[in-house]
Protein chains: 2
Amino acid sequence: MTLEKIGANHSFGGQQLRYKHQSAVLNCEMTFSIYLPPQAEQGPVPVPVLYWLSGLTCTDENFVQKAGAQQHAAEHGIAIVCPDTSPRGEGVADDPEGAYDMGLGAGFYVNATEEPWAKHYQMYSYIVEELPTLINVEFPMDSARASISGHSMGGHGALTIALKNPGQFKSVSAFSPICSPLNCPWGDKTLGNYLGSNRDTWAQYDTVALVGQATEHLPVLVDQGEGDNFLEEQLKTPLLIEAAKKASFPMDIRLHPEYDHSYFFIATFIGEHMAFHARALGAGKA
Amino acid sequence: MTLEKIGANHSFGGQQLRYKHQSAVLNCEMTFSIYLPPQAEQGPVPVPVLYWLSGLTCTDENFVQKAGAQQHAAEHGIAIVCPDTSPRGEGVADDPEGAYDMGLGAGFYVNATEEPWAKHYQMYSYIVEELPTLINVEFPMDSARASISGHSMGGHGALTIALKNPGQFKSVSAFSPICSPLNCPWGDKTLGNYLGSNRDTWAQYDTVALVGQATEHLPVLVDQGEGDNFLEEQLKTPLLIEAAKKASFPMDIRLHPEYDHSYFFIATFIGEHMAFHARALGAGKA
């Protein structure tokens, strides 16, 4: 695998970088962003890494530009990897009506089994296997120390991926996650298309379902704004609270009055999420 | 004057708001953003305010989304007002070739005297008079405690406006300012069009020229990245360093290796700028 650097900005004493590469599992060219904190250059100890999964309509750049996470990553000595939210490019299927909630920008972090999606929409394997393998080879990362976080569709991605691979991640956090695709319109539409009509197959990508099956309990932090327009119909945080309680899975699920679904909410609490992951990762200032 | 609220997001315990209003001096509808820190709601003491002037191609939103300033504004209890960078709308003149460095998004914070610009391009009066008058009436501001800052073209705007109105501002700071429009291609083109060919009239909007005439020395902080592609041809920081020295005007002008012209640079040092202004404003934590 070959990386092509397409962006570089100095930021909080470290480097905010952007790369293109050919993804074998997604069968297309992909772009990702990575923040390397100052500690990554100082060596000799490799730095831990946080994977950030973005939400619907986003690319690798939204979090990088709007969350203000570099400040905290530099403070704790944690790298941050931001993948794109779907495969892209010529020949990659999209919503026939161009809707924002399926297809491009809306991979939902699953491995699609149905046509026309299966050829490219393998975001689960890309995030769990191909991308970390690439990152660990190309950058000074401590592959044994990784955590994962995300927003909305990416919060769903982070939670499902961490619950299915607790040995691979030290901690998981989410902002405004889609807690149960089995129980919301976004899930109905997108998993129905990507995975087919047999809803039993959807459960492997449903946080609420996975919580009930979890045998390992890694640290979980979830922040949700109570002024979020998507809360009631799409996000279904109460289902996650109930499932965690029923499964005796300790999770820190926090509800914040007035905050909405935007990056202003993420920016407000990203410092606490970074500190949470730093503790789990045994990072610098933790 | 009537304000129409067009955006509101909770942010760091305060509110990031956006408004439209009819500007008499610009002769068009204008949009601005304002961050109200938590202290603005707690009263009864009105909060001090920082005016932020953005650079070429920006609107009122770039700084709001990318600088991460709300964190520090909330900490110090300072409001931040972000105007647009030019008049906008039907009938407002633009660069005939649609270039980014003149016309829409490129008001240069001057009062144009030449056609077709003079009818709308009165950004100097808008920032110095009309907008603060509106802000002080509509929001819980302490009009006696205001500071000003900006980036690139907005750094030029902040420095020239503060130097010409030292009684109105307690402090001024700039990131990557255009230090001398009299001595760079951006100035040649834009001031030549807005103010005409008599370069003597440009000097009233040239920081380097104004430093030499200043009788009051308000606190000045300037940050400049040494990896900034515009430094040599357009920004001319050495001319400002030389002028300040010659005039015995104490300024903190800092050069930062590797940093570029982007918002990643601004985000890295905005906390130090906010602390600098907080001290001058006698704000909360200062």
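Each chain gets a letter, A, B and so on, in the order its sequence line appears, and its residues count up from 1.
For a residue to count as touching a neighbouring chain, one of its non-hydrogen atoms must lie under 4.5 Å from one of that chain's; by this rule B:Y259 touches chain A with backbone and side chain alike. Proximity to chain B is limited to the side chain of A:D260, based on heavy atoms less than 4.5 angstrom apart. Proximity to chain A is absent for every atom of B:Q15, based on heavy atoms less than 4.5 angstrom apart. In this structure, chain B has no heavy atom under 4.5 Å from any part of A:A67. Residue contact with chain A, scored on non-hydrogen atoms closer than 4.5 Å, involves the side chain of B:Q16 exclusively. Looking at A:F12, the atoms closer than 4.5 Å to chain B (heavy atoms on both sides) sit in the backbone and in the side chain alike. When heavy atoms are compared at a cutoff of 4.5 Å, B:A74 does not approach chain A at all. Proximity to chain A (any heavy atom under 4.5 Å) is restricted, for B:Q71, to the side chain, taken from C-beta onward.
Your options are B:A267, B:G68, B:G271, and the one with the most heavy-atom pairs under 4.5 Å with chain A is B:A267.
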Stepwise ring-ring contact (aromatic ring centres under 6.0 Å, His included) test for B:H256 and B:F265
CA-CA 9 Å; B:H256 302 276; B:F265 174 50; 5.8 Å; yes
With ring-ring contact (aromatic ring centres under 6.0 Å, His included) as the test, would you mind laying out the steps for A:F108 and A:W186 before giving the verdict?
CA-CA 10 Å; A:F108 269 82; A:W186 279 338; 7.3 Å; no
Start with the C-alpha gap between B:F63 and B:H151, add the side-chain angles, then the distance that decides, and say whether ring-ring contact (aromatic ring centres under 6.0 Å, His included) holds.
CA-CA 9 Å; B:F63 181 78; B:H151 173 233; 9.5 Å; no
Can you check ring-ring contact (aromatic ring centres under 6.0 Å, His included) on A:Y19 and A:F139, steps first, answer last?
CA-CA 12 Å; A:Y19 291 92; A:F139 299 95; 5.4 Å; yes
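Between A:F32 and A:L3, the closest side-chain pair of non-hydrogen atoms falls below 4.5 Å.
Considering B:H277, B:R254, B:H72 in turn, B:R254 is the only one that fulfils the side-chain hydrogen bond (donor to acceptor under 3.5 Å, both in side chains) rule with B:E272.
If you look at A:Y35 and A:H10, their ring centroids are not closer than 6.0 Å.
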